[in-house]
Student: 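Once you've had a glance at the structure underneath, I'll fire off some questions.
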Protein chains: 2
Amino acid sequence: MQQTENFKDDEVIDDLPLLDRVRQLVLSGSFSPGAPLSEVFLSQAFEVSRTPIRETLKQLQHEGLVDIRPKVGTFIREPTRREIVELFQIKESLEGLAAGLLARRGPVPELDVLEHNIEESDRATSAEDAVRYAELVHEFHRTIITGADNSKLVEHYDRLMNQLAYHRLVLRTAEHPGRIKASTSEHRVVLSMLRDKDSFGAEAAMRNHVHASAREVLTDARTAPVQLHT
Amino acid sequence: MQQTENFKDDEVIDDLPLLDRVRQLVLSGSFSPGAPLSEVFLSQAFEVSRTPIRETLKQLQHEGLVDIRPKVGTFIREPTRREIVELFQIKESLEGLAAGLLARRGPVPELDVLEHNIEESDRATSAEDAVRYAELVHEFHRTIITGADNSKLVEHYDRLMNQLAYHRLVLRTAEHPGRIKASTSEHRVVLSMLRDKDSFGAEAAMRNHVHASAREVLTDARTAPVQLHT
DNA sequence: CTAGCGTTCGTTGCATGCAACAGACCGAAA
DNA sequence: TTTCGGTCTGTTGCATGCAACGAACGCTAG
């Protein structure tokens, strides 16, 4: 999972580097949604032949990031607003599950990591460092996911977030100060539940938090208001 | 999703037919877990060249069904017991989510489908038709998933079930009569909650049902008892 | 000016060839 | 007997070539 660092730029361990690089290109926003990604272009861009590029594109299609129209071409896929709502619903469920599982694990080092994360978040907020804050939020959620000690959950979560990644990049530019305060406060509630080993409480708190943040993101994105559910 | 029927055996619409066929071969149990699936073997088995086979195997690896060891070969992957537990935890969460979402949708035709399904289940139980009963159980769950009106949820669920499919094939041979009765009863509770538009109740009932059935499956499989959680 | 049609261009889909590597097998030495 | 080393085979990884298809463009007729 973290082998994106140690490879010699030429001799690749698996095809993961290429897959990651192409994915990064897609998610980087360098190309507008709907832009064509021809195999020949990518092959000379990454200096490989069309074959590995093709395999990579198939993977990305399976991840929902690109749209392969047979005999026509591959295009960057923009998730519809509806799909984003759907993905957030799943996100809420999975993160709730993770929080519940983590609560059951008792006193694990992850809790201290979360504690530290919250402190850092306060610091970033005081310093008005929005970038750092966004990083910390991401780490907070990811720590809970990985802390659930469920490898398959991590896989599904990663898939989910990949599909949301493009949109997140577009959206998370500015966040209201009020929301930041509320969000950190919700993090605190989650951690409190985790420390109490309150599985149901942790799940509920986490779901509530994700729900609120999703609502914020969705309403903030475009003017069209959205009902996440009810 | 249901285009596995209408294609002319020769002219394939997408590569989905090939992917489906290879997946089916993997899940059919014709090969033991750990058995090698060489590209040349598959290519002549399906009368295509190695290239599309390679792409297909990559997909299946991404789905968690096979294990590609670089420069060595592709092997049928058997999920570990732990992974199965993990997958069931996710299943519980996703099906709970689906039930909750479906409950919010109000009176949709799916509810009548579920009603009919339960009646048929009773009939199959009376007739001691285990195969038919298993089919109906599968349909019941799938109706709830698709009824949630969340396409991304369906995708994730399908991925999940594909990973459980091999194991399900091994396990679901015989089910205790007592469990069957309980299971159908739990289905009834879920439907009742759905009719009441009780979103929380439906979610809880569904999770409880999946949890119970998972526990049954896991303890029944091998003698080793398992703690699903707590 | 518009609608319909044929051609051309770009792209994918697949087959095949070649090189490189992992693992097995066999033999020899201790 | 055990262990070590070399060879050899089977497999993958990738590059490339060719055929086929879709879309766009221009041309012509009305």
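FYI, side chains are in, hydrogens and waters are out, and symmetry mates aren't considered; it's all heavy atoms of this structure. Order of the sequence lines sets the chain letters (A, B, ...), proteins ahead of strands, with each chain counted from 1.
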Student: Round to a whole Å and report the spacing from CD of B:Glu39 to C1' of C:dG17.
Tutor: 14 Å
Student: Can you pull the salt bridge (charged side-chain N to carboxylate O under 4.0 Å, His left out) pairs that have at least one residue in residues 61-76 of chain A, sequence neighbours excluded?
Tutor: A:Arg23-A:Glu63
Student: To the nearest 10°, let me know how far the axis at one end of the helix from C:dC1-D:dG30 to C:dA30-D:dT1 is tilted from the axis at the other, five pairs an end.
Tutor: 10°
Student: In whole angstrom, what separates A:Leu37's CG from C:dT11's P?
Tutor: 12 Å
Student: Taking the side chain as C-beta and beyond, is there a heavy-atom pair between A:Gln61 and A:Arg77 under 4.5 Å?
Tutor: no
Student: When you get a sec, tell me which of D:dG22, C:dG23, D:dG13 is the closest nucleotide to the side chain of B:Val72?
Tutor: C:dG23
Student: Test of understanding: with ring-ring contact (aromatic ring centres under 6.0 Å, His included), list the residues that count as partners of B:His209, not counting sequence neighbours.
Tutor: B:His141, B:His187
Student: For B:Lys71 and D:dT12, give me the distance from atom NZ to atom P, rounded to whole Å.
Tutor: 11 Å
Student: When the distance from CD1 of B:Ile68 to P of C:dA22 is rounded to whole Å, what number comes out?
Tutor: 17 Å
Student: Would you say the side chains of B:Ser151 and A:Glu86 form a donor-acceptor pair under 3.5 Å?
Tutor: yes
Student: Can you tell me how far C1' of C:dG13 sits from CD of B:Glu55, to the nearest Å?
Tutor: 8 Å
Student: Got a sec, which residues hit side chain to side chain contact (heavy atoms under 4.5 Å, CB included) with B:Phe46, two or more places apart in sequence or on another chain?
Tutor: B:Leu18, B:Arg21, B:Val22, B:Leu25, B:Leu42, B:Val48, B:Ile53
Student: Are any of the side-chain nitrogens in B:Arg54 or A:Glu55 under 4.0 Å away from the carboxylate oxygens of its partner?
Tutor: yes
Student: I need the CZ-C1' distance between A:Phe75 and D:dG22, as an integer number of Å.
Tutor: 10 Å
Student: Do A:Leu111 and A:Val113 come close enough that some side-chain heavy atom pair is under 4.5 Å?
Tutor: no
Student: Round to a whole Å and report the spacing from CZ of A:Arg69 to P of C:dT11.
Tutor: 14 Å
Student: Can you pull out the residues from residues 41-54 of chain A that lie within a 4.0 Å heavy-atom distance of DNA chain C?
Tutor: A:Arg50, A:Arg54
Student: Kindly write out the residues that satisfy side chain to side chain contact (heavy atoms under 4.5 Å, CB included) with A:Ala103, not counting sequence neighbours, or none if the list is empty.
Tutor: A:Leu194, A:Ser199, A:Ala202
Student: Is there a side-chain contact between B:Phe140 and B:Leu114 in this structure, where contact means two heavy atoms from C-beta onward sitting under 4.5 Å apart?
Tutor: yes
